[in-house]
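One is the number of the first residue; the rest follow in order along the sequence.
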Amino acid sequence: MNQHQDLLDAVSIYLDAIYYCDVEKLDKVFHPASSLFDADEGKIFVDPIASFRVDVASRPSPASINQKRKDEIITIDWLSPISATVKLRLHAHDNVFADHLALVLGENGWQIVSKVWRLEGKTEIEYNE
């Protein structure tokens, strides 16, 4: 088992889930008890995965508008052989997000147990040719 590649595969599933708004992929990569966190204007916003799943299912996907896919892994911080934090950046519609994903390796493989995200800004949408 190659833990590094398996972790990258889990992150890839997450990025696919966001790009395609695919809740089955979200279900595969997020632990059922996970939550998402954001702090805007000094208030902490907590979104349980079930709520985030509904939100993702209800929006048009970047893929459906033929948006050029732009995402990147910035850093991977290994906390132990079975836990890591991954910092990444992605574009969804005209939004640019920075995400910190905390992942653990359990009986269902690598799963996201928490996500802290931030809207970095807005950008023009680039489309595939």
Side-chain angles (χ1 to χ4, degrees):
M1 175 168 66
N2 182 338
Q3 287 176 315
H4 183 76
Q5 186 58 54
D6 292 344
L7 176 73
L8 292 176
D9 292 345
V11 172
S12 181
I13 291 168
Y14 165 74
L15 293 170
D16 285 350
I18 300 302
Y19 184 72
Y20 295 104
C21 290
D22 184 333
V23 293
E24 290 180 14
K25 289 184 184 296
L26 284 180
D27 293 342
K28 182 175 181 178
V29 77
F30 274 90
H31 188 277
S34 62
S35 291
L36 296 82
F37 301 85
D38 179 34
D40 285 331
E41 301 172 14
K43 294 184 179 183
I44 297 176
F45 173 75
V46 181
D47 196 14
I49 187 59
S51 175
F52 180 63
R53 186 184 191 281
V54 170
D55 181 46
V56 169
S58 70
R59 66 173 82 143
S61 71
S64 72
I65 64 166
N66 203 30
Q67 180 176 2
K68 183 177 178 181
R69 185 165 171 171
K70 292 178 77 174
D71 50 56
E72 64 177 317
I73 294 174
I74 298 167
T75 59
I76 298 174
D77 183 11
W78 289 93
L79 304 172
S80 74
I82 60 168
S83 59
T85 302
V86 177
K87 180 180 180 182
L88 53 89
R89 180 172 292 111
L90 62 99
H91 292 224
H93 298 284
D94 64 345
N95 298 310
V96 180
F97 295 100
D99 292 348
H100 285 224
L101 307 176
L103 295 102
V104 295
L105 180 60
E107 63 275 3
N108 294 317
W110 284 99
Q111 289 189 297
I112 300 167
V113 295
S114 71
K115 170 182 163 177
V116 178
W117 63 274
R118 175 178 180 265
L119 176 63
E120 287 189 327
K122 300 282 189 174
T123 188
E124 281 193 40
I125 298 174
E126 295 181 35
Y127 297 96
N128 293 315
E129 296 178 15

All side chain to side chain contact (heavy atoms under 4.5 Å, CB included) counterparts of Glu120, not counting sequence neighbours = Arg89, Val96, Ala98, Arg118
task = Could you tell me whether the side chain of His4 reaches within less than 4.5 Å of the side chain of Ile76, counting heavy atoms only?
result = yes
Qualifying ring-ring contact (aromatic ring centres under 6.0 Å, His included) pairs with a residue from residues 102-123, counting only residues at least two apart or across chains = Trp78-Trp110, Phe97-Trp117
Listing, residues 26-40 side-chain donor-acceptor contacts under 3.5 Å, not counting sequence neighbours, or none:
residue: Asp27; atom: OD1; partner: Arg53; partner atom: NE; Å: 2.7
residue: Asp27; atom: OD2; partner: Arg53; partner atom: NE; Å: 3.2
residue: Asp27; atom: OD2; partner: Arg53; partner atom: NH2; Å: 2.9
residue: His31; atom: ND1; partner: Ala33; partner atom: N; Å: 3.0
residue: Ser34; atom: OG; partner: His31; partner atom: O; Å: 2.7

inquiry  = My understanding is that only residues two or more places apart in sequence, or in another chain, count here; which of them pass side-chain hydrogen bond (donor to acceptor under 3.5 Å, both in side chains) with Glu124?
reply    = none
request  = Check whether any side-chain heavy atom of Thr85 sits under 4.5 Å from a side-chain heavy atom of Leu101, and report yes or no.
outcome  = no
inquiry  = For a 4.5 angstrom cut-off between non-hydrogen side-chain atoms, does Val86 reach Leu7?
reply    = yes
request  = Find the distance between CG (Asp71) and CD1 (Ile74) and round it off to the nearest 0.5 Å.
outcome  = 10.5 Å
remark   = salt bridge (charged side-chain N to carboxylate O under 4.0 Å, His left out) filter on Asp22, not counting sequence neighbours, yields none
inquiry  = Checking the side chain of Gln3 only, and the main-chain atoms of Pro81 only, is there a donor and an acceptor separated by less than 3.5 Å?
reply    = yes
query = Does Val11 share a hydrophobic cluster with Val113, counting links as ILVMFWY side-chain heavy atoms below 4.5 Å and allowing steps through other members?
reply = no
task = With sequence neighbours excluded, tell me which residues meet side-chain hydrogen bond (donor to acceptor under 3.5 Å, both in side chains) with Lys122.
result = Asn95
ask   = CD1 of Ile13 to CD of Gln111: how many Å apart, nearest 0.5 Å?
value = 10.0 Å
query = If you group Ile, Leu, Val, Met, Phe, Trp and Tyr by side-chain heavy-atom gaps below 4.5 Å, do Leu88 and Leu79 land in one group?
reply = no
request  = Under the side-chain hydrogen bond (donor to acceptor under 3.5 Å, both in side chains) rule, collect the residues that match up with Ser83, sequence neighbours excluded.
outcome  = Ser80
ask   = Hydrophobic cluster mates of Tyr20, side-chain heavy atoms under 4.5 angstrom, ILVMFWY only, any path?
value = Tyr19
query = Mind checking whether Val116 and Ile112 sit in one hydrophobic cluster, side chains of I, L, V, M, F, W, Y counted as touching below 4.5 Å?
reply = no
query = In chain order, what residues pass the salt bridge (charged side-chain N to carboxylate O under 4.0 Å, His left out) check against Asp47, with sequence neighbours excluded?
reply = none
Between OG on residue Ser12 and CD on residue Gln5, distance to nearest 0.5 Å = 9.0 Å
query = Roughly how far apart are Glu126 CD and Lys68 NZ, rounded to 0.5 Å?
reply = 5.0 Å
ask   = Looking only at heavy atoms, what is the nearest atom pair of Cys21 and Ser61, with distance?
value = SG-CA, 3.4 Å
request  = Name all residues meeting the salt bridge (charged side-chain N to carboxylate O under 4.0 Å, His left out) criterion together with Lys115; count only those two or more places apart in sequence or in a different chain, and write none if there are none.
outcome  = Asp99
task = Inspect the surroundings of CD1 in Ile82 and state if more than 12 heavy atoms from other residues, nucleotides or ligands are less than 6.0 Å away.
result = no
Nearest-0.5 Å distance that lies between atom CD1 in Ile49 and atom OG in Ser114 = 11.0 Å
inquiry  = Just verifying a value: how many Å separate Asn2 CG and Leu8 CG, rounded to the nearest 0.5 Å?
reply    = 8.5 Å
query = Would you find more than 12 non-hydrogen atoms of other residues, nucleotides or ligands less than 6.0 Å from Glu72 atom CD?
reply = yes
ask   = Checking Ser58 side chain against Asp55 main chain: does a donor-acceptor pair fall under 3.5 Å?
value = yes
remark   = Residues passing the side chain to side chain contact (heavy atoms under 4.5 Å, CB included) test with Ile65, sequence neighbours excluded, are Gln67, His93, Ile125, Tyr127
request  = Could I get the full list of side-chain hydrogen bond (donor to acceptor under 3.5 Å, both in side chains) partners for Asp94, not counting sequence neighbours?
outcome  = none
message = Within the 4.5 Å heavy-atom criterion, are Ile18 and Leu90 side-chain neighbours or not?
response = yes
task = Search all heavy atoms of Asn128 against all heavy atoms of Arg69 and return the closest pair with its distance.
result = OD1-N, 4.5 Å
